[in-house]
Amino acid sequence: MTKPRWRVPRLFAAIRVLALLTLCLLVSLVALFRVSQARAGDVLVELGAQLMRLPDAFYANDVQRLSLNGLTLLLQSGSSPRGSEDVLQQFYTACKAGSQMQLTERQSEHIEPLMTSEWFRNAVDGVLVRRGKDGAAVVCIDAQGKPWDLAGITESAQRFVESGELSELGQLRYAWVRPSGTGSVFLTLWTEGSTRLLEQFPRTGDAPGVDFPDVGRVPGSQRYLSAQLADSLLAIYRHQEGQLDELSERYHAALEAGGYRSVGRPAKGKDGHAFSYEKGRRHVLLTLTGGPAKSSAVMATILSQP
């Protein structure tokens, strides 16, 4: 039996359907993570790994409020005896329930030949899945019961682009899962109500929020991220110019000037340095990463915990 040939009008129709299906996720998620030059999917995985490093986030039973670039998100983490793939599928199913696209019978027929592709099926379900070496992320925009057909998605996306208000699309739902020795651990975060997303994640310049307390700003830095969860603090800065050794000395001087003293032995590698500091009961971990090439940007992460 020969495979049916696609006629040009049907092919164009399927392409239009695909574009509209992915518009919601692409517009919102790229806007959310455009603070980084990495692909949005890569940053989604890295975000979960970074936030899980905050001690106040680990295995928390209660919902907590996370401040991220001036934006308030709700966060909860925990563990499961089930494997990470099972837990990931549970989050996927929950996302799909509020984000799946509503297609007519004719639209479904047009895209049926493309449903063999996993990423296309995910787009139809309204879910973005990204896997990394440290875990996997599941992200979606819950439409909150609004009509989620192609016309509704297009209109909502247009309003979101004009206003920067994520609630025009729906509410963000994010889950990060990684395997553990006894099953898996996970972190979830979500939004509720008004979320003026584009104001928190500018394309250029500093992201909103605050600099790391008691530590002077190192010249040439761009604030990428400012987060606080209970007593834990996280700040990430980007340096377009400067080398690892030079910037490490500058951050070391800034931390010492702020009353922090170096403890332990620094860890230095070709593409990254790590240092530990203390100030009273507070412990600070400073990491700098970047390639050896002069054109490579250097990322400085300062993590503080009580």
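Nothing here was measured: the structure is a model prediction, and the numbers come from that model.
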Is there side-chain contact between [X] and [Y], with heavy atoms separated by less than 4.5 Å?
X      : Y      : value
Leu128 : Val138 : no
Thr195 : Leu73  : no
Leu103 : Asp149 : no
Val63  : Leu75  : no
Val139 : Val127 : no
Ser184 : Arg178 : no
Val263 : Tyr277 : no
Glu192 : Leu74  : yes

- List the steps and the verdict of side-chain contact (heavy atoms from CB on, under 4.5 Å) for Ile141 and Leu166. CA-CA 9 Å; Ile141 303 296; Leu166 181 63; 4.1 Å; yes
- Query: In this structure, which one of Glu256, Arg250, Glu249 forms a side-chain hydrogen bond (donor to acceptor under 3.5 Å, both in side chains) with His252?
  - Reply: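 Answer to the side-chain hydrogen bond (donor to acceptor under 3.5 Å, both in side chains) test with His252 among Glu256, Arg250, Glu249: Glu256.
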- Item | Stepwise ring pair (Phe, Tyr, Trp, His ring centres under 6.0 Å) test for Tyr251 and His239 | CA-CA 12 Å; Tyr251 274 94; His239 291 264; 5.5 Å; yes
- Excluding sequence neighbours, so at least two apart, what forms side-chain contact (heavy atoms from CB on, under 4.5 Å) with Thr72? Arg65
Donor-acceptor contact present, side-chain [X] to main-chain [Y], <3.5 Å:
X      : Y      : result
Arg159 : Gly164 : no
Gln222 : Gly205 : yes
Asp142 : Gln144 : yes
Ser276 : Leu285 : no
Ser180 : Gly183 : yes
Arg173 : Trp190 : no
Gln243 : Asp245 : no

- Query: Given the side-chain rings of Tyr260 and His283, with only the six-membered ring counted for Trp, is the space between their centroids under 6.0 Å?
  - Reply: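 That pair fails the under 6.0 Å test.
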- Task: Given side-chain contact (heavy atoms from CB on, under 4.5 Å), test Val124 with Met115 step by step and report yes or no.
- Result: CA-CA 9 Å; Val124 174; Met115 292 296 284; 3.9 Å; yes
Which distance, rounded to the nearest 0.5 Å, do you find between the [atom1] of [X] and the [atom2] of [Y]?
X      : Y      : atom1 : atom2 : value
Asp214 : Leu255 : CG    : CG    : 10.0 Å
Leu234 : Ser67  : CG    : OG    : 11.0 Å
Ser232 : Gln64  : OG    : CD    : 9.0 Å
Ile236 : Ile302 : CD1   : CD1   : 10.0 Å
Tyr174 : Cys140 : OH    : SG    : 12.5 Å

So, [X] versus [Y]: side-chain donor-acceptor pair below 3.5 Å or not?
X      : Y      : value
Arg217 : Ser221 : yes
Glu165 : Ser194 : yes
Arg223 : Tyr237 : no
Gln171 : Thr191 : yes

Looking only at non-hydrogen atoms, find the nearest pair between [X] and [Y] and report the distance.
X      : Y      : value
Tyr224 : Arg238 : OH-CD, 2.7 Å
Ala235 : Phe212 : CB-CD1, 4.2 Å
Ser84  : Pro179 : CB-N, 3.8 Å
Ala175 : Thr188 : CB-CG2, 4.0 Å
Phe186 : Val177 : CB-CG2, 4.1 Å
Leu233 : Pro213 : CD1-CG, 3.5 Å

Under 3.5 Å, sequence neighbours excluded: what are the donor-acceptor pairs made by side chains of residues 87-98?
residue, atom, partner, partner atom, Å
Tyr92, OH, Asn122, OD1, 2.7
Tyr92, OH, Asp125, OD2, 2.7
Thr93, OG1, Gln89, O, 3.0

- Report whether Val210 and Leu71 are members of the same hydrophobic cluster (ILVMFWY, side-chain heavy atoms less than 4.5 Å apart, transitive linking).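 No; Leu71 is not reachable from Val210 via cluster members.
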- Could you give me the CA-CA distance, side-chain angles and deciding distance for Thr301 and Leu286, then say whether side-chain contact (heavy atoms from CB on, under 4.5 Å) is met? CA-CA 6 Å; Thr301 301; Leu286 167 67; over 6 Å; no
- Query: Any Lys/Arg nitrogen of Arg282 or Glu278 sitting under 4.0 Å from an Asp/Glu carboxylate oxygen of the other?
  - Reply: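 So Arg282 does not pair with Glu278 through a salt bridge.
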- Query: Are any of the side-chain nitrogens in Lys146 or Glu155 under 4.0 Å away from the carboxylate oxygens of its partner?
  - Reply: no
- Query: Between Phe275 and His273, what is the ring plane arrangement, given parallel below 30°, perpendicular above 60°, and tilted in between?
  - Reply: perpendicular
- For Leu303 and Val284, what are the C-alpha separation, side-chain angles and deciding distance, and is it a side-chain contact (heavy atoms from CB on, under 4.5 Å)? CA-CA 6 Å; Leu303 172 66; Val284 169; over 6 Å; no
